[in-house]
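See structure below.
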Protein chains: 2
Amino acid sequence: MRFLHTADWHIGKKLHGYDLLTEQRDAYEQIKAIALAEQVDAVVIAGDLYDRALPSEDAVSTLDAMLVDLNRQQQFPLLAISGNHDSAVRLSQGSEWFASTDFYLKTTIADGVKPVVLGDTQFFLLPYFEPFAVRQYFQDDSLKTVAAGMARLVTAMQEQFDPTKKHVLVAHFFAAGSQHSDSETLVQVGGLNAVPVDLLTPFDYVALGHLHRKEALQNEPTIKYSGSPLKFSTSEAADTKGVWIVDTDKTPVEVTFKPLKPLHDLVVLTDSFAHLMDPEVKYNVTPDDFIAVALTDTTPIANVMQRLKTRFPKIIELQRVNQLDVTPETLNIEEVQRDPLTLLGDFFGTVTDHALTEQQQEWAKTTLQQAMKEEN
Amino acid sequence: MRFLHTADWHIGKKLHGYDLLTEQRDAYEQIKAIALAEQVDAVVIAGDLYDRALPSEDAVSTLDAMLVDLNRQQQFPLLAISGNHDSAVRLSQGSEWFASTDFYLKTTIADGVKPVVLGDTQFFLLPYFEPFAVRQYFQDDSLKTVAAGMARLVTAMQEQFDPTKKHVLVAHFFAAGSQHSDSETLVQVGGLNAVPVDLLTPFDYVALGHLHRKEALQNEPTIKYSGSPLKFSTSEAADTKGVWIVDTDKTPVEVTFKPLKPLHDLVVLTDSFAHLMDPEVKYNVTPDDFIAVALTDTTPIANVMQRLKTRFPKIIELQRVNQLDVTPETLNIEEVQRDPLTLLGDFFGTVTDHALTEQQQEWAKTTLQQAMKEEN
């Protein structure tokens with residue numbers, strides 16, 4: 001059994017207001033191409049197919065088209081679970097029919113402990129769960145944490161183990177020891193909700209979703225996060241995104257990383273405003289790339305976002321690396337006390353690099369007089 | 001071919017704030033029982049499966065359970081279309097897999113003109129559509145109305161007619177000549193959107209959804225609204241709800257009405273307040289029935305809704321049949337000028353049918369004195 005492991009597609013996610021459907025469709029096409037080139041026997045998606053419990057119609061039709069293509073056109077068996085970002089109920093609409101073409105989408109704990117057998121492998125498709133759901137399922141109030149619930153679930157799964165088969169767990173949780181990035185929902189990772197990796201040793205391979213960086217678990221050769229297919233935060237800017245190809249015919253299973261090339265990258269540019277605006281300075285980015293700017297300047301800059309966007313249209317973040325250097329001494333009392341018309345002219349000049357035209361001065365004067373008359 | 005024709009389930013609909021899922025599940029069980037007893041070859045649902053484009057999770061899981069039961073457990077072939085209350089995109093999630101068990105759910109015009117063949121019959125499953133969608137589909141800007149679009153669609157369907165088969169249209173629109181009830185969305189019925197029934201003569205049977213009363217089309221033996229399984233408005237209170245059993249083996253097709261018995265009925269009670277509150281007067285209703293009260297009284301009644309609800313817990317509407325009889329002469333100036341404590345006692349007596357206790361009088365007195373002190 002040779003399968004592709006991916007997760008955290010988050011279809012419908014926006015990056016600081018920018019729609020990502022184009023980028024997500026491109027990543028999907030690359031994943032499909034890898035599945036075809038690697039001649040895998042199945043594709044595993046370890047949760048968070050959607051970004052929201054209530055996805056938009058565009059997100060619904062986009063994901064539906066991908067799943068139809070992968071399973072019905074390309075005829076890959078599909079193994080998927082719901083993540084914490086999915087509504088289990090909404091995602092599972094129609095899933096009773098999916099198994100007719102070997103598409104197994106599981107959204108309940110009860111389904112998670114029953115193995116799906118494909119070839120030489122038993123797959124346990126365990127969706128994201130909260131501790132109360134395990135308490136309810138086992139009728140055991142002592143299961144207070146995800147870790148306690150998981151220990152019990154692993155025991156239940158082991159009772160189903162066929163010793164002549166390989167055993168793969170597909171799940172969506174925070175495995176202890178892993179490092180998280182900024183694009184996961186922080187309240188739901190780590191702490192009481194962490195699952196110790198030791199619990200997972202009975203499985204030949206564990207295909208995880210939840211954390212968006214494959215680097216989150218580095219020292220476990222057979223317990224892997226695939227990470228998201230796209231970079232969803234600046235903390236992932238330096239990462240290489242991709243999928244795992246898992247071969248269960250080898251013992252231990254053989255795991256190979258296949259990178260995805262971002263259609264539009266997420267890049268952090270750390271530099272001074274003057275450099276960033278200088279047409280002579282070349283950065284390795286395209287106008288469609290998502291740019292996080294880390295300014296090194298220590299002085300205030302008027303209209304900084306608007307001006308930066310003339311060079312980098314898709315700025316998703318603007319931060320200052322250094323403290324602003326503003327002291328009371330820099331305030332020139334004489335300048336502040338000038339008459340309003342002069343002040344307006346100075347401000348206009350600073351912001352636009354142009355002086356007010358005579359017509360504009362006339363408009364400003366009339367408006368100011370009008371305003372003063374109303375005030376009196 | 002013998003099939004059951006139903007429509008306008010509106011799963012998730014609320015009746016003046018009251019959840020109807022219990023009543024909808026009961027109606028579904030009756031429909032299933034009729035399908036089994038009549039040994040039909042298929043079940044047709046002519047649109048508005050949900051009440052809203054964005055149904056609640058409860059509505060999603062309720063409808064999904066019904067469709068799974070009908071098609072996968074009971075193994076009835078299912079023919080369904082989206083109505084104006086459904087989101088075509090959301091409803092169709094997963095529909096590519098449904099045909100594996102003869103569940104045909106169509107949500108686009110392109111799908112509507114391609115017949116689904118079951119036994120001796122070609123079914124054309126045409127979802128609810130807006131004129132712009134037909135213009136786009138035929139690339140013809142002259143199609144301004146639903147009627148014009150429908151004429152063109154019928155021609156396109158006739159080109160697909162197999163003369164050795166019967167031809168059934170399943171659709172969701174306002175057929176001209178039909179009378180509407182209050183529970184449809186008024187802006188979307190009638191007027192420019194009406195389809196003349198003459199257009200529909202090429203079909204052996206037309207299974208319509210959209211209007212909630214089967215009585216909406218009375219003189220067409222083979223063009224029928226099934227109506228909704230439940231009463232959704234007081235204008236439907238006197239109706240008998242049900243489904244049609246259609247037998248295409250006969251020429252013309254044989255059409256039989258099968259009634260549904262409401263779990264909790266919707267009843268209009270027209271009577272005086274005194275009668276309605278009199279325990280001696282018996283009405284043929286249960287505490288779970290939905291009651292619309294039409295009061296015959298001509299005098300104001302204090303707390304009327306609250307008091308009526310003590311006898312009829314689920315009042316969904318309160319109307320006055322007669323004009324209120326309030327004239328200036330009925331105001332007794334002496335009564336109005338009494339001291340506040342006496343006025344309060346009178347009001348309390350009118351509303352509760354009890355006098356103030358000594359303790360309550362004491363509280364009222366203290367509070368009034370306090371209020372007067374603060375006023376001065």
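The chains referred to below are lettered A, B, ... by the order of the sequence lines, with proteins before strands, and numbering in each begins at 1.
When all heavy atoms of B/Thr101 and A/Trp97 are compared, the pair lying nearest together is OG1-NE1, 2.8 Å. Of all heavy-atom pairs between B/Asp64 and A/Ser92, the closest is OD2-O, 4.2 Å.
For chain A, no part of B/Leu105 is nearby; none of its heavy atoms comes within less than 4.5 Å. Looking at B/Ser100, only its side chain comes within 4.5 Å of chain A, counting heavy atoms on both sides. Looking at A/Leu63, neither its backbone nor its side chain comes within 4.5 Å of chain B, counting heavy atoms on both sides. Of the atoms belonging to A/Asp58, not a single heavy atom falls under 4.5 Å from chain B. With a 4.5 angstrom heavy-atom cutoff, B/Arg72 touches chain A only via side-chain atoms.
Listed for the A/Gln93 side chain is a donor-acceptor partner under 3.5 Å among the backbone atoms of B/Arg90.
Each of B/Val60, B/Leu67, B/Val68 has some count of heavy-atom pairs under 4.5 Å with chain A, and the biggest count is that of B/Val68.
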